[in-house]
Amino acid sequence: MVKNVLLLDSEGRRVAVKYYTDEWPTYSAKLAFERSISCKTQKTNARTEAEIVMFDDNVVVYKFIQDLHFFVTGGDCENELALATVLQGFSDAVTLLLRGNVDHGEALENLDAIFLCLDEIVDAGMILETVGNMIAGKVATHNLDDGAPLSEQTITQALATAREHLTRSLLR
Amino acid sequence: MAQYMKKDDDRDEDEYSPFLGIEKGAVLQEARVFNDSQLDSRRCSQVITKLLYLLNQGETFTKVEATEVFFSVTKLFQSKDVGLRRMVYLIIKELSPSSDEVIMVTSSLMKDMNSKTDVYRANAIRVLCRITDATLLTQIERYLKQAVVDKNPVVASAALVSGIHILQTNPDIVKRWSNEVQEAVQSRAALVQFHALALLHQIRQNDRLAVSKLVTSLTRGSVRSPLAQCLLIRYTSQVIRESSMNNQNGERLFYDYLEGCLRHKSEMVILETARAITELNGVTSRELTPAITVLQLFLSSSKPVLRFAAVRTLNKVAMTHPMAVTNCNIDMESLISDQNRSIATLAITTLLKTGNESGVDRLMKQITNFMSDIADEFKIVVVDAIRSLCLKFPLKYRSLMNFLSNILREEGGFEYKKAIVDSIVILIRDIPDAKEIGLLHLCEFIEDCEFTYLSTQILHFLGVEGPKTADPSKYIRYIYNRVILENATVRASAVSTLAKFGAVVDSLKPRVFVLLRRCLYDNDDEVRDRATLYLNTLGGDGSVVETDKDVKDFLFGSLDIPLVNLETSLKNYEPTEEPFDINSVERNPAGNRPTALGVPAAAPVSTVDAYEDLLSSIPEFSTFGNLFKSSAPVELTEVETEYAVNVVKHIFDKHVVFQFNCTNTIPEQLLENVVVVVDASEAEEFAEVATKPLISLPYDAPGQTFVAFEKPEGVPAVGRFSNVLKFLVKEVDPSTGEVEEDGVEDEYQLEDSEIVAADYMLKVGVSNFRNAWESLGPEFERVDEYGLGPRESLSEAVNAVISLLGMQPCEGTEVVAANSRSHSCLLSGVYIGNVKVLVRLSFGVDSSNEVAMKLAVRSEDESVSDAIHDIVAN
């Protein structure tokens with residue numbers, strides 16, 4: 001059971017977030033959680049490997065890529081590695097969808113893709129998919145009818161669709 | 001909205017945000033494009049993204065706005081653009097429409113559910129299940145059931161996950177899918193299997209047998225995804241918990257399966273398994289070993305998440321099985337310098353739990369380096385762990401106390417400082433040797449303490465403990481410095497502390513008076529008031545007089561009235577001629593009648609002192625010498641009777657004093673001349689020497705009456721005493737408080753009290769039993785074996801013997817491991833006459849629960865060793 005998935009900028013401001021429990025019932029409670037978790041993790045170096053911290057009886061795994069900070073929160077009895085897998089899937093998918101240009105501005109440009117990405121990873125707390133290119137594939141696919149089922153899509157294909165997605169967003 | 005604008009403003013100029021200056025009203029205007037006859041799908045997508053952005057930033061739409069947006073969004077189903085359709089699904093979920101609105105989109109979504117496009121199908125299922133209600137569900141149930149076994153894994157997963165959510169609200173519908181879900185569990189797609197397993201378990205979770213069957217079949221079959229495997233391990237340990245059965249070989253059911261999972265290729269599964277094993281009920285060390293081994297490997301992993309998970313699990317294991325974790329100590333020590341502070345803190349607290357006495361010093365050295373660069377919250381955890389370590393190894397108090405005082409001097413917030421001070425206070429209370437150093441550390445701390453609360457607490461504590469030390473005068477300087485240097489609150493409490501020293505230590509009295517008189521010129525009212533009050537109560541007119549008991553009670557006694565009640569009474573008090581009477585204040589917290597009547601629940605250590613003071617203040621008992629032991633209060637009446645009486649047994653060398661704490665619970669009665677008539681005819685060795693009646697016992701004000709017995713010196717005489725409460729009853733009018741003149745003699749039968757062997761034994765622990773045992777030598781060792789007959793369990797037998805002897809179990813040996821067939825227990829105590837006694841107990845239990853015990857006693861006196869055996873033999 002995942003409690004929330006957050007994508008914040010380097011100063012703890014929201015890029016896109018999704019909560020799956022009522023543990024933070026109000027908007028201000030959510031903001032307070034995001035601010036304190038961002039503050040707590042600010043000084044750590046979570047760039048090469050995902051890091052982890054206990055926070056109010058919650059386990060939070062997190063990873064930073066440039067000025068984007070990815071967080072996944074679960075209860076304290078949750079398997080840390082399962083949460084880490086979700087985190088990995090999330091950050092991989094975002095990396096694919098942003099074609100490697102993972103930064104705040106790019107994320108805002110492609111916010112629709114990021115929202116879809118959140119939607120495909122966890123559904124009301126239940127883990128839906130954990131493999132980054134599968135998630136990215138689902139988000140970026142225009143048309144699934146043409147042949148290969150999702151599970152057989154390679155990274156290159158996923159990237160190709162992501163690129164297609166980009167051209168679309170540049171054209172508008 | 002202004003908030004976001006501002007945030008956007010202070011962002012770097014060159015960083016462009018597509019949402020710069022976005023505003024709700026404008027976006028809602030833009031949303032009109034949804035109604036265009038020629039849909040521009042790209043533009044529509046953009047607008048939806050903007051709406052989602054607003055929602056995500058905490059913006060809320062009014063009911064009207066939301067409805068309007070929702071209606072225009074429904075028009076977008078006309079578009080064939082896949083990307084746009086995905087955004088439409090998202091915004092519908094976010095808007096969570098009301099049920100009459102849902103009908104608008106149901107048909108469109110149902111069409112999508114049956115479309116040829118898998119992405120449409122999967123998403124439509126999820127959206128529909130999210131927004132729909134029971135009546136609609138029955139319409140779409142047929143499709144969902146099919147979707148569960150769809151050949152496209154994405155569609156199947158969508159249906160299964162939706163099923164998990166629907167189960168919360170409409171369990172009946174989902175339960176009808178059992179067959180399909182079961183089929184999905186066998187799916188070749190990893191995640192479908194995971195979702196199906198989760199759903200199937202939830203459907204059956206109240207049916208133990210079904211869960212057990214599910215687990216049995218799956219543990220034999222193949223589970224593809226690590227996530228599903230983790231779920232299965234959780235369900236397996238649930239089955240293990242609920243069934244106490246072992247298989248024929250006496251091995252735990254499914255343990256083989258769990259052990260096999262430790263060799264799984266996914267670390268996630270290994271971790272889950274290791275954790276499941278460590279959490280098994282009554283896990284044996286043989287079962288633990290393989291799990292600990294894999295966790296130990298994880299400790300040196302390059303992934304912080306894995307190291308954290310491993311050290312967190314080991315930390316938990318260390319609470320119950322410290323020995324099992326000691327193998328990991330070397331790996332654990334290297335984690336003290338881990339980059340991730342959570343990991344380092346967990347490693348340290350684990351080490352503190354598993355460490356042995358000899359390693360303490362080295363460990364403290366390592367921690368000292370570490371303490372400076374972690375946050376306060378972690379430091380508090382470490383301080384707590386050090387406190388328990390110090391209580392475990394009292395001999396090491398010196399280095400641990402030094403450590404605490406060092407960190408006390410360093411920078412830190414209030415919570416952290418408070419944790420340290422609390423720890424020092426607890427150590428002072430529990431380790432007598434540590435008292436002097438501890439108090440000095442505290443004194444030094446208040447010299448430079450920025451927290452008023454902590455200063456006053458410490459001053460109060462000093463006032464209680466300081467005068468009892470060998471050289472109370474050395475504390476005066478620290479206390480008086482507060483009067484000179486601090487704020488009014490601290491000054492006031494320093495004045496109180498000075499007064500306490502003056503009251504107890506006669507030699508210091510003249511000096512204290514001088515200091516108190518200086519305080520009369522303080523510029524704060526409270527400080528001056530206190531100084532005046534104490535000077536008067538202590539007789540500060542120059543003559544050094546014996547401080548009488550009332551004054552001591554006033555200074556040291558705690559206020560036995562809840563402050564809340566006092567406050568309400570004072571508020572209700574109307575200024576009249578009649579002075580405020582503190583006795584009119586309700587003594588008990590409203591609506592909460594006390595059950596432990598008589599003796600107020602005081603801190604364990606202070607009770608002994610309090611009893612000693614109380615007894616020595618009674619002239620009849622002042623010749624009895626030092627109090628050896630006071631028992632815990634034993635109730636002699638049922639709860640909720642007219643008169644509540646409990647007895648405390650005070651043991652002296654040649655005397656026994658029964659202190660009867662009586663409470664009158666009838667508002668209409670006043671009792672006078674209350675005595676307890678104790679019949680010692682069944683206790684031959686005791687002869688009554690004195691009785692101290694209670695003059696008056698008004699309603700709800702506990703009082704004490706005493707009866708003293710003489711007994712042969714040093715002999716642990718035992719006996720049974722029957723008790724009758726005798727008194728004179730007078731009627732009271734509860735409304736006016738008037739008492740009638742005439743009273744009636746009456747008596748009230750109490751339960752019997754007993755003096756048993758354990759009353760002559762003081763619970764005094766030793767820190768190193770082996771050393772103590774060796775140093776006593778085998779000279780007065782007495783060993784014998786006893787059969788205890790059939791017992792409920794081994795641990796019941798062990799506890800029975802411990803309470804029979806009334807001794808202190810050492811090194812945690814009072815805890816019997818579950819299912820073990822034998823146990824050894826180490827006890828220590830001080831027997832009457834101040835004779836140190838150590839006992840080694842070895843228990844064994846056979847298949848019919850017959851318990852046999854070997855008792856080895858060493859003491860400083862042969863007769864005492866024999867006496868211990870006599871206790872058990874009888």
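In what follows, every heavy atom counts, from backbone to side chain, and hydrogens, waters and symmetry copies are set aside. Proteins get letters first, then strands, A, B, ... in listed order; numbering begins at 1 in each.
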To the nearest 0.5 Å, what is the distance between [atom1] ([X]) and [atom2] ([Y])?
| X | Y | atom1 | atom2 | value |
| --- | --- | --- | --- | --- |
| B:L90 | A:F115 | CG | CZ | 8.5 Å |
| B:Y53 | A:D112 | OH | CG | 14.0 Å |
| B:N56 | A:L118 | CG | CG | 8.0 Å |
| B:L52 | A:L116 | CG | CG | 8.5 Å |

Please check if the side chain of [X] supplies one atom and the backbone of [Y] the other of a donor-acceptor pair under 3.5 Å.
| X | Y | value |
| --- | --- | --- |
| B:H195 | A:M126 | no |
| A:Y27 | B:Q57 | yes |
| A:N79 | B:M268 | yes |

Contact part of [X] toward chain B, heavy-atom cut-off under 4.5 Å: side chain, backbone, both or neither?
| X | value |
| --- | --- |
| A:L83 | neither |
| A:A82 | both |
| A:T85 | side chain |
| A:V59 | side chain |
| A:K30 | neither |

For [X], is it the side chain, the backbone, both, or neither that has a heavy atom closer than 4.5 Å to a heavy atom of chain A?
| X | result |
| --- | --- |
| B:A198 | side chain |
| B:D40 | neither |
| B:E279 | neither |
| B:L227 | side chain |
| B:S302 | both |

Taking every non-hydrogen atom, the tightest pair across A:L108 and B:F19: O-CE1, 3.4 Å
Shortest non-hydrogen contact from A:R14 toward B:G58: NH1-N, 4.1 Å
Side-chain heavy-atom pair [X], [Y] within 4.5 angstrom cut-off:
| X | Y | result |
| --- | --- | --- |
| A:I52 | B:N340 | yes |
| A:E80 | B:L306 | no |
| B:K93 | A:D123 | yes |
| B:V154 | A:E129 | no |

Option that, when pairs with chain A are counted at under 4.5 Å, heavy atom only, ranks first among B:R234, B:K50, B:R312, B:R307: B:R312
Among B:R43, B:R85, B:K303, residue most engaged with chain A (heavy-atom pairs, under 4.5 Å): B:K303
Pair listing, ring-ring contact (aromatic ring centres under 6.0 Å, His included) test, anchored in residues 28-56 of chain A, at least two apart: A:W24-A:F33, A:F33-A:F55
May I ask you to say whether [X] pairs ionically with [Y], meaning some side-chain N is under 4.0 Å from a carboxylate O?
| X | Y | result |
| --- | --- | --- |
| B:R275 | A:E78 | no |
| A:D119 | B:R86 | no |
| A:E51 | B:R341 | no |

Pick from A:T44, A:V61, A:L81, A:N45 with the largest number of heavy-atom pairs that fall under 4.5 Å of chain B: A:L81
Contact winner vs chain B - A:K18, A:E49, A:K40, heavy-atom pairs under 4.5 Å: A:E49
Heavy atoms from other residues, nucleotides or ligands near CD of A:Q66 exceed 12 (cutoff 6.0 Å): yes
